[in-house]
There are 2 protein chains.
Amino acid sequence: MTLLESIVKRKETYKRGQLLFRAGERFDFIYAIRGGSVKTSVCTPDGRVQITGFHIPGEVLGLSALALGQYSSEARALETTSVCRVEAARLDELAQKIPSLQYQMMKIMSGQIRQDEELMLLLGRRSAEERLAEYLIGLSRRFAARNFSPTQFNLSMSRGDIGNYLGIAEETVCRILTRFQNAGMIATQRRHVSLIDLRQLEAVARMKPAA
Amino acid sequence: MTLLESIVKRKETYKRGQLLFRAGERFDFIYAIRGGSVKTSVCTPDGRVQITGFHIPGEVLGLSALALGQYSSEARALETTSVCRVEAARLDELAQKIPSLQYQMMKIMSGQIRQDEELMLLLGRRSAEERLAEYLIGLSRRFAARNFSPTQFNLSMSRGDIGNYLGIAEETVCRILTRFQNAGMIATQRRHVSLIDLRQLEAVARMKPAA
DNA sequence: CGGCTTATTGATCCGACTCAACGTTAGTGG
DNA sequence: CCACTAACGTTGAGTCGGATCAATAAGCCG
């Protein structure tokens, strides 16, 4: 990541709802998020959409386009977001100058595969409550890793986006959030969330405590 | 792939049910399948399993271990399977001798991400019938690409494995196969499958015809 | 041949979806 | 700055797809 940042060519800013790239487009850039947040999604020929990830600063987008030379997913800013772009065409050239760059990129992709495996596990095998509990815990950990409060944060994505990502209906997201709130595990106000009883939330998600 | 094959160190054979590697193990080898088939899976702390892929000759396994130095999934032979192994420790060394090797590996990983995105779409957004129809079509295409019959083939995985992979119950797999059979779209006998009406099957999967 | 795994089919139940109505907030332009 | 509007969020009622539980059949292998 730091390497990628050091060879950045351009910085760009996107507003809420703007596309960074869309599926099928020619692979021109890799994107490193500097600030804000981005959702990535794929869709079926008949128009159904699956959100594949929410991305925060420090994360790199677009590498899955490498194999076929075109993006397989689309990326859209959830709020005002600034990114660094690296021209795909220069990647080979850069890799020759910086031998460890390719290794960095492989690590990123390897990590992406790992993360996708987690999401598949969640989509295939977990109940709606477990999904949402795990989702909240995952957010909490990501914020903690960036030295933000792990118990108080703002969601940049809508209920609909959360539901889509987790493979459940928007209404179910609301209902379960209400249920968690009634159980004293969380408090929500619109997009602001407070995690009150992490322990209990982890029990619902049936996860091991953080490693 | 051809490159990987040219630098292969060891060939190994696994029998049905044997593990190639398991989650958490140290990342020692990359595996290229020469013959047979392999399933990969991940699991939750409480023991639920999600199969993430069925793999056939020509495919490479284990690259997602790169990021953390340990496998994130397990791989198990579905039948007698022969593989080529490359020592992970020698990858750096090899990459220096063969500059395009890393690029090859990135392409493989990039392709893996793409494939995982498809599975997420399937797990999150499709009905059981659509899943199974798409599964059969996908198999058909993979066999066709290897010059086997796209309409007649043997499954190396059980109904339970299929159901797990698709995120549905084993019983539902059976029921829907029966339904497809009654509709004259396929014929099954145990693990042997004949696709009779591909057109109709594609309609059920709501897919575009093959590109 | 007998025990074991895999596949099939039936009956029942429940979690989550859909449809629908309504409340709330943020963003827009006058 | 305020009114208006569109997007977002919440809640309820009713339905259904697919899970689960249970029993039986059909291969498979020693």
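Reminder, nothing fancy here: chain letters follow the sequence lines and each chain counts from 1.
At whole-Å resolution of the value, CZ in B/Arg159 and P in D/dA26 are 15 Å apart. One interatomic measurement links the two molecules: NE2 of A/His192 to C1' of C/dT24, which rounds to 18 Å at whole-angstrom precision. Taking atom CG on B/Leu155 and atom P on D/dG27, their separation rounds to 16 Å, with Å as the unit. Residue B/Glu129 contributes atom CD, which lies 10 Å from atom P of D/dG17 at whole-angstrom precision. Here C/dT6 presents its C1' atom at 11 Å from CG of B/Asp161, a figure rounded to the nearest Å. Atoms CD1 (A/Ile162) and P (D/dC8) sit 12 Å apart, rounded to a whole Å. A straight line from CD of B/Gln189 to C1' of C/dT6 spans 15 Å, rounded to a whole angstrom.
In this structure, the separation between CZ on B/Arg76 and CE on B/Met157 is 15.0 Å, given to the nearest 0.5 Å. Note that the OG atom of B/Ser110 and the CE atom of A/Met109 stand 6.5 Å from one another [nearest 0.5 Å].
Mapping A/Arg190 and A/Ser127 onto DNA chain C via the closest heavy atom, the residue that lands nearer the 5' end is A/Ser127.
Checking side-chain atoms of A/Arg131 against main-chain N and O of A/Leu123 turns up a donor-acceptor pair under 3.5 Å. At least one donor-acceptor pair under 3.5 Å links the side chain of B/Gln50 to the backbone N or O of B/Tyr165. B/Ser64 places no side-chain N or O within 3.5 Å of a backbone atom of A/Arg114 that could act as its donor or acceptor partner. Remark: the backbone N or O of A/Pro150 is paired with a side-chain donor or acceptor of A/Ser140 at under 3.5 angstrom.
Side-chain N/O atoms of B/Ser72 and A/Glu117 include a donor and acceptor closer than 3.5 Å.
Interface residues of residues 73-83 of chain A facing DNA chain C, ordered by number: none; criterion, heavy-atom separation under 4.0 Å. Interface residues of residues 164-183 of chain B facing DNA chain D, ordered by number: B/Gly167, B/Ile168, B/Ala169, B/Glu171, B/Thr172, B/Arg175; criterion, heavy-atom separation under 4.0 Å.
Taking five base pairs at each end of the helix from C/dC1-D/dG30 to C/dG30-D/dC1 and finding the rotation axis that steps the C1' atoms of four pairs onto the next four gives two axes whose angle is 50°, to the nearest 10°.
In this model, the phosphate group of D/dG9 is approached by a side-chain N or O of A/Arg191 to a distance below 4.0 Å at OP1 or OP2. Look at A/Arg16 and you'll find a side-chain N or O under 4.0 angstrom from OP1 or OP2 of D/dC8.
Minimum interatomic distance between A/Tyr31 and A/Arg85 (heavy atoms only, all atoms of both residues): CE2-CD, 3.2 Å. Counting all heavy atoms, side chain and backbone alike, A/Phe54 lies closest to A/Arg142 at O-NH2, 2.6 Å.
Residues A/Val204 and A/Met185 have side chains in contact (heavy-atom distance under 4.5 Å, counting atoms from C-beta outward).
For the salt bridge (charged side-chain N to carboxylate O under 4.0 Å, His left out) with B/Glu134, the lone residue among B/Arg206, B/Arg125, B/Arg126 that qualifies is B/Arg126.
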